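Please read the structure below before turning to the comments.
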Amino acid sequence: MEYNHREIETFWQKYWEENSTYKVSNQSDRPKFYVLDMFPYPSGAGLHVGHPLGYIASDIYSRYKRLKGFNVLHPMGYDAFGLPAEQYAIQTGQHPAVTTEQNINRYRSQLKKIGFSYDWSREVRTCDPKYYKWTQWAFIQMYNHYYNNDTQKAEPIENLIKEFEQNGNTKVNAAHSDVPVFPAEVWHGMTEDEKDSVIDSYRLAYRAKTMVNWCPKLGTVLANDEVKDGLSERGGYPVVQKPMEQWLLRVSAYAERLLKGLETIDWSDSLKEMQRNWIGRSEGCEMYFDVKDSDVKLKIFTTRPDTVYGVTFMVMAPESEYVDQVTTPDCKEAVEAYIAGASKRTELERMADTRTVTGQFTGAYAINPFTGDEIPIWISDYVLAGYGTGAIMAVPAHDSRDYAFAKNFNLPIIPLIEGADVSQESYDAKEGIMMNSGIFNGLEVKAAKEAAIQEVEKRGFGNRKINYRLRDAIFSRQRYWGEPFPVYYKDGKAHMLPLEKLPLELPEVDSFLPTESGEPPLSRAKDWKTVDGYPYETSTMPGFAGSSAYYLRYMDPDNNEALVSKEANEYWQDVDLYIGGTEHAVGHLIYSRFWDKFLFDLGYVCKEEPFKKLVNQGMIQGRSNFVYRIKGTNKFVSLGLKDQYDTQEIHVDVNIVNNDVLDLEAFKKWRPEFATAEFVLENGKYICGWAIEKMSKSMFNVVNPDSIVEKYGADTLRLYEMFLGPINQSKPWDTGGIEGVSKFLKKFWRLFFNDKSDTLNVSDEQPTDQELRALNKLVKKVESDILALSYNTSVSAFMVCVNELQTLKCNKRAILEPLTIVLAPFAPHITEELWKQLGHNETINNAKFPEVDEKYTVDSTKCYPVALNGKTKFTLDLPADADKAAIEAEVLKNEKLQKLIEGKTIVKTIVVPGKMINFVVK
RNA sequence: GCGGGUGUGGCGUAAUUGGUAGCCGCGUUAGACUUAGGAUCUAAUGCUUUCGGGCGUGGGGGUUCGAGUCCCUUCAUCCGCACCA
């Protein structure tokens with residue numbers, strides 16, 4: 001009987017579906033294991049061969065864990081809100097819900113064809129009101145809580161109000177947006193509006209006017225992680241800075257915990273490093289500089305307080321609120337002109353020329369608290385309003401940016417470190433002995449820094465401060481296809497909907513475009529108001545809202561009373577293995593951790609870190625093929641001969657190229673203009689050029705998994721994707737190599753069936769030691785590989801084992817049965833079929849992963865290389881279990897060796913058990 | 001500029017973690033069976049050679065009886081961040 005992947009795979013996929021084979025229960029006496037894939041955004045293009053890479057890896061892990069007796073939660077869902085569906089809707093008028101539904105169906109059917117063991121009954125989609133009810137719920141919770149820095153957790157806002165009534169905020173140590181200190185009396189003297197505004201400044205979800213990344217083309221604001229190089233991540237449109245009233249999440253309150261938590265989780269170093277950089281913790285101090293002839297105290301942040309003796313000027317961001325306060329009348333005009341110029345530049349322009357130094361003197365002077373010197377105050381756009389205090393003390397001798405500024409405007413440069421030459425460039429290194437620094441002279445930089453902070457605090461010039469680069473996340477998007485805010489406005493003030501009114505569903509609109517006056521699309525829904533007639537918030541939530549807690553929802557997807565029940569959460573706890581792309585390193589993976597910590601503080605979840613182990617799968621790149629057209633003709637020249645002509649490189653569809661050999665007939669049919677093409681061949685073939693590029697339609701290098709499944713089968717696709725290389729590495733897809741694993745599966749099948757016969761050819765004979773060794777070595781290897789997720793070497797091991805068994809003509813049940821189980825996680829269909837053929841009524845998922853018998857994991861004889869002075873001379877066959885002394889004695893008896901060491905003395909003998917014997921001779 | 005990673009045959013990769021470098025697969029070459037092969041099977045396949053051997057893991061140096069693996073240095077390349085004071 002031939003291996004017929006089509007028949008086998010359709011049969012078993014149907015069987016699994018009809019029997020709910022992979023449905024898991026929240027009640028089990030087996031230990032839990034949670035394997036999660038990053039859920040996809042269902043785009044219109046469908047899956048390409050790169051998407052399933054991580055899914056296959058996690059599926060293998062899940063299936064293995066099931067065979068080891070775990071109750072495995074392995075769900076799949078869809079991150080279904082998003083811009084592409086909305087833009088498609090704008091172009092076609094098709095409702096995004098409709099296209100999203102279509103895309104989801106396509107994705108699901110593609111995924112099912114690959115044979116994943118998902119519990120499809122737990123499927124979630126973020127655009128489902130039953131799902132986003134809990135996204136809205138979480139937002140309301142954040143609105144109703146603040147972050148207490150003393151207890152290091154989120155607490156109800158009511159507690160804070162009680163505290164205000166008693167003591168004002170004098171004793172409050174909480175994350176907030178700049179609220180001055182006020183005692184209880186002041187609180188009681190405030191109007192309701194003033195009180196509300198104070199309270200709002202403490203909420204974890206709050207409204208504020210901030211500088212946002214505004215993308216005019218998309219008509220929406222974007223979060224920092226959605227902007228790359230000054231362009232929107234989706235679409236690549238220019239982004240400008242613009243002040244706007246927005247909802248924000250106080251993610252920054254959790255900066256320290258987000259940083260500390262990294263130490264407790266098993267993620268790759270590079271990913272942790274990316275998160276650390278994004279959080280950007282820096283230690284230093286805030287310092288106040290008096291301004292000459294003014295009451296203003298200029299607050300700056302610095303990580304180098306030790307260099308305070310070298311401050312020769314101050315710089316403020318153009319947007320800084322200090323600017324108006326300190327600018328002198330005679331400089332006012334110039335300063336305003338500078339600010340106007342700076343605000344016109346887009347983010348992109350600002351980044352494009354970081355070398356051009358611009359700035360403007362404000363006319364004001366600050367007083368250095370340590371020296372009493374008067375130092376000019378400038379403004380410049382190299383100082384950012386959003387970081388620190390938006391103002392710096394400039395030390396040109398030891399900061400390259402300050403140095404460039406000082407050179408440009410001819411400001412003095414005072415070196416502070418012995419031996420530092422600052423005539424050409426600044427000395428930025430944080431090492432050396434201080435000089436010109438008054439009380440810090442003679443100290444090492446590090447010691448000076450600490451001494452400086454203490455001195456600053458002692459003299460009351462400022463205080464120690466830790467700053468984070470991590471900003472609060474802007475949470476509003478001026479779009480249609482997202483979660484509506486559960487918010488309405490009454491007298492211009494925001495109110496949360498009562499929880500029992502959730503979910504607040506998206507209204508219908510006549511067009512998905514912003515209104516002509518620039519209002520978000522939701523403002524087109526004229527009747528969209530509360531029962532009392534108050535208008536709802538018209539922006540929607542960003543993409544990361546729905547993906548922040550989806551892993552919790554899988555635990556209890558149908559619960560209408562809670563995001564996740566306590567019981568379900570306590571059973572499943574957290575994600576044991578999370579697999580996904582590295583592109584979410586500073587977006588989703590930060591927000592998700594923040595969201596989880598918040599829910600943890602409120603007692604809704606029992607784990608402070610959601611993803612225990614995280615693995616990034618690499619990208620699968622496309623392998624493009626080229627043909628070479630002789631310029632101005634319709635003649636194509638083969639790769640090896642192209643240098644003899646003046647040619648033009650043209651992408652050619654990889655589907656009509658086989659091992660870089662062009663299918664000439666298919667090429668002529670590919671496009672009408674090539675119908676009359678002529679070819680210059682080499683050795684009768686047309687060889688195409690190739691390059692590794694991103695998989696994309698325009699390069700004709702997209703390989704669709706469906707066509708691979710159709711031709712070779714899902715099991716072959718799965719094995720091949722794993723065989724391609726280490727899971728976390730980027731690698732090109734090359735359909736050429738797939739024959740190897742395809743052959744392997746056919747060979748594997750032939751171990752069970754004779755070529756011509758339809759009956760199973762399996763005997764109950766006792767296996768030989770050699771056969772047992774082949775099996776046990778495989779089981780041991782595969783088991784350790786799976787745990788390390790290095791599946792590519794496992795596939796190699798399978799091939800070696802099957803080749804060996806084929807040579808041995810082994811058809812013994814005692815070998816083939818465990819072999820089938822070991823292969824089952826990788827190739828579920830073929831193994832399921834053979835398991836049935838072997839006479840089992842139950843699916844192979846209920847089988848037990850074989851135990852390794854260590855007795856059979858080493859070779860009975862070992863080939864020992866014998867070396868003199870590290871140079872290998874010859875090899876000897878010796879028993880594998882021989883001890884050191886016996887080996888040594890045996891080798892010394894050898895004639896060949898005796899000849900070699902004649903006249904010399906053995907200084908040392910090194911026996912590496914199981915490896916080699918080395919004699920050091922003189 | 002800063003941070004992280006990677007460099008091994010024609011190609012994708014492997015190396016029990018310091019112990020015979022190149023497993024497995026692709027490709028290539030030869031052969032068998034075939035009307036045929038894009039099916040199957042067998043063999044060969046790092047480079048070089050005067051067939052003894054010599055060389056070989058980006059380059060240079062070091063530690064060691066022994067280095068792809070450890071250390072120093074240098075080059076190349078990929079990814080992330082980038083006026084973060």
Side-chain angles (χ1 to χ4, degrees), chain A residues 228-229 268-274 276-278 280-282 284 300-304 307 315 350-351 353-355 357 380-384 386-395 398-402 404-405 428 467-471 582-583 585-586 618-619 623 658-661 690 720 723-726 728-741 743-744 746-747 750 755 780-781 784 790 792-800 803 806 857-858 863-875 907-922:
Chain A
K228 294 253 147 54
D229 301 329
S268 71
D269 288 341
S270 68
L271 198 70
K272 286 190 191 180
E273 202 52 37
M274 272 193 236
R276 284 194 195 104
N277 288 342
W278 194 258
R281 183 184 199 272
S282 49
I300 60 100
F301 172 74
T302 180
T303 56
R304 296 291 303 276
T307 60
V315 189
R350 254 175 92 153
M351 286 196 299
D353 75 336
T354 54
R355 259 163 267 166
V357 180
S380 173
D381 65 3
Y382 85 88
V383 173
L384 305 175
Y387 183 76
T389 63
I392 62 158
M393 62 178 216
V395 185
H398 302 290
D399 182 287
S400 50
R401 297 152 303 180
D402 298 345
F405 196 85
D428 289 15
N467 240 317
Y468 299 92
R469 211 180 67 111
L470 184 72
R471 318 282 169 83
T582 179
E583 67 271 19
V586 291
M619 297 249 284
R623 190 178 187 278
N658 203 344
N659 289 326
D660 292 338
V661 178
W690 59 272
Y720 185 53
F723 184 62
L724 235 36
N728 52 356
Q729 236 171 60
S730 283
K731 55 225 153 187
W733 176 267
D734 177 9
T735 306
I738 202 169
E739 294 290 346
V741 285
K743 272 186 215 164
F744 157 73
K746 287 180 194 163
K747 276 187 202 171
R750 258 182 271 129
D755 287 349
K780 191 176 179 181
K781 170 85 177 134
S784 70
S790 73
N792 54 328
T793 52
S794 279
V795 180
S796 297
F798 280 122
M799 291 177 175
V800 172
N803 282 342
Q806 191 190 33
T857 56
V858 283
C863 232
Y864 279 83
V866 179
L868 288 181
N869 291 348
K871 284 262 180 190
T872 310
K873 292 298 174 188
F874 58 98
T875 56
V907 185
K908 203 170 15 167
T909 312
I910 302 152
V911 178
V912 186
K915 307 275 185 196
M916 71 177 303
I917 305 140
N918 194 351
F919 295 93
V920 184
V921 294
K922 256 191 195 161

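Please read all numbers here as calculations on a predicted model, not as lab measurements. Within every chain, numbering begins at 1; the chains are lettered A, B, ... in the order of the sequence lines, protein sequences first and strands thereafter.
By the ring-ring contact (aromatic ring centres under 6.0 Å, His included) test, A:Tyr720 pairs with A:Trp733, sequence neighbours left out.
Distances were taken from every side-chain heavy atom of A:Arg469 (C-beta onward) to each of B:G25, B:C65, B:C81; the shortest belongs to B:C81. For A:Thr302, counting side-chain heavy atoms from C-beta on, the closest listed nucleotide (B:G19, B:C24, B:A85) is B:A85. Considering only side-chain atoms of A:Tyr387, the nucleotide from B:A85, B:G25, B:G19 that sits closest is B:A85. The side chain of A:Asn869 lies closest to B:C65 when the candidates are B:A85, B:C65, B:A14. For A:Met916, the listed nucleotide lying nearest its side chain is B:G19; candidates were B:C24, B:G19, B:A85. Residue A:Lys908 has its side chain nearest to B:C65 when only B:A85, B:C83, B:C65 are considered.
A straight line from CE of A:Met619 to P of B:G5 spans 21 Å, rounded to a whole angstrom. Atom CD in A:Glu739 sits roughly 16 Å away from atom C1' in B:U28 (whole-Å rounding). Residue A:Asn467 contributes atom CG, which lies 16 Å from atom P of B:C83 at whole-angstrom precision. A:Met274 has its CE atom 15 Å from the P atom of B:G3, to the nearest Å. Following rounding to the nearest Å, A:Arg281 (CZ) and B:A85 (P) show an atom-to-atom distance of 12 Å. In this entry the distance linking OH of A:Tyr864 with C1' of B:U20 reads 14 Å, nearest Å. Here B:C65 presents its P atom at 8 Å from CD1 of A:Ile910, a figure rounded to the nearest Å. Residue A:Asn728 contributes atom CG, which lies 17 Å from atom P of B:G12 at whole-angstrom precision.
Between A:Phe798 and A:Phe744, the ring-plane angle classifies as tilted under the 30° and 60° cut-offs.
Using a 4.0 Å heavy-atom cutoff across all strands shown, A:Arg471 reaches at least one base atom of the nucleic acid. No contact: A:Pro732 has no heavy atom under 4.0 Å from any strand. Residue A:Ser268 is classed as having no contact, given no heavy-atom separation below 4.0 Å to the nucleic acid. When heavy atoms are screened at a 4.0 angstrom cut-off, A:Met799 is found touching the sugar-phosphate backbone but no base atom. Within the nucleic acid shown, A:Lys747 comes within 4.0 Å of sugar-phosphate atoms alone, with no base atom in reach, counting heavy atoms only. Contact annotation for A:Leu724: backbone-only contact, meaning every heavy-atom pair under 4.0 Å involves sugar-phosphate atoms and none involves a base. Among the atoms of the strands shown, base atoms are found under 4.0 Å from some heavy atom of A:Val912. Among the protein residues, A:Lys743 comes within range of the sugar-phosphate backbone only, with heavy atoms under 4.0 Å from sugar or phosphate atoms but none that close to a base. Using a 4.0 Å heavy-atom criterion, one finds that A:Asn803 contacts the sugar-phosphate atoms exclusively. Heavy atoms of A:Asn792 sit under 4.0 angstrom from primed sugar atoms or phosphate atoms, though from no base atom.
A donor-acceptor pair is defined here as one N or O able to donate and one able to accept, closer than 3.5 Å; no such pair exists between the side chain of A:Asn792 and the backbone of A:Leu724. Between the A:Arg304 side chain and the A:Thr302 main chain, no donor and acceptor come within less than 3.5 Å of each other. Side chain of A:Arg469 to backbone of A:Asn277: a donor-acceptor contact under 3.5 angstrom is found. Without hydrogens or angle criteria, A:Asn869 side chain to A:Val921 main chain gives a donor-acceptor distance under 3.5 Å.
Nucleotides B:G68 and B:U77 place their P atoms 25 Å apart, quoted to the nearest Å. Separating the C1' atom of B:G56 from that of B:U48 is a span of 10 Å, rounded to the nearest Å. Nucleotides B:A67 and B:G61 have their C1' atoms positioned 14 Å apart, rounded to a whole Å. Taking atom P on both nucleotides, B:C51 is separated from B:C41 by 38 Å, rounded to a whole Å. Atom C1' of B:G22 sits at a distance of 16 Å from the matching atom of B:U16, rounded to the whole Å. Rounded to whole Å, the P atom of B:U28 lies 30 Å from the corresponding atom of B:C78. Comparing the C1' positions of B:C26 and B:U73 gives a spacing of 37 Å, expressed to the nearest Å. Taking atom C1' in both B:G7 and B:U42, one finds a spacing of 36 Å when rounded to whole Å.
Using N1 to N3 plus N6-O4 or O6-N4 for Watson-Crick, or N1-O2 and O6-N3 for G-U wobble, each under 3.5 Å, B:A43 pairs with B:U29. Under the Watson-Crick and G-U wobble criteria, each requiring two contacts below 3.5 Å, nucleotide B:G56 is left unpaired. Across all strands shown, nothing is found opposite B:U17 as a Watson-Crick or G-U wobble partner with both distances under 3.5 Å. Applying the Watson-Crick and G-U wobble criteria (two distances, each under 3.5 Å), B:G9 pairs with nothing in any strand. Judged by Watson-Crick or G-U wobble contacts below 3.5 Å, the nucleotide B:U69 has no partner.
With rounding to the nearest 0.5 angstrom, the CZ atom of A:Phe723 is 4.5 Å from the CE atom of A:Met799.
Annotated as anti: B:G31, whose O4'-C1'-N torsion sits more than 90° from 0. Look at B:U17: its glycosidic torsion is within 90° of 0, and that puts it in the syn range. Anti is the glycosidic conformation of B:G46, whose angle departs from 0 by more than 90°.
Each of A:Lys746 and A:Gly725 was matched to the nucleotide of RNA chain B holding its nearest heavy atom; the match closer to the 5' end belongs to A:Gly725. With the nearest nucleotide of RNA chain B identified for both A:Asp269 and A:Lys781, A:Asp269 has the one nearer the 5' end.
Side-chain contact, A:Asn467 with A:Ser282: no donor N or O sits under 3.5 Å from an acceptor N or O.
For A:Arg750 and B:C41, the shortest distance from a side-chain N or O to OP1 or OP2 is below 4.0 Å. At B:C24, none of the side-chain N or O atoms of A:Thr793 fall inside 4.0 Å of OP1 or OP2 (strictly under the cut-off). A sub-4.0 Å separation between OP1 or OP2 of B:U64 and a side-chain N or O of A:Asn918 is absent. Between A:Asn277 and the phosphate of B:A82, there is no side-chain N or O to OP1/OP2 separation shorter than 4.0 Å.
Residues A:Phe405 and A:Tyr382 share a closest heavy-atom pair of CD1-CE2, 3.4 Å.
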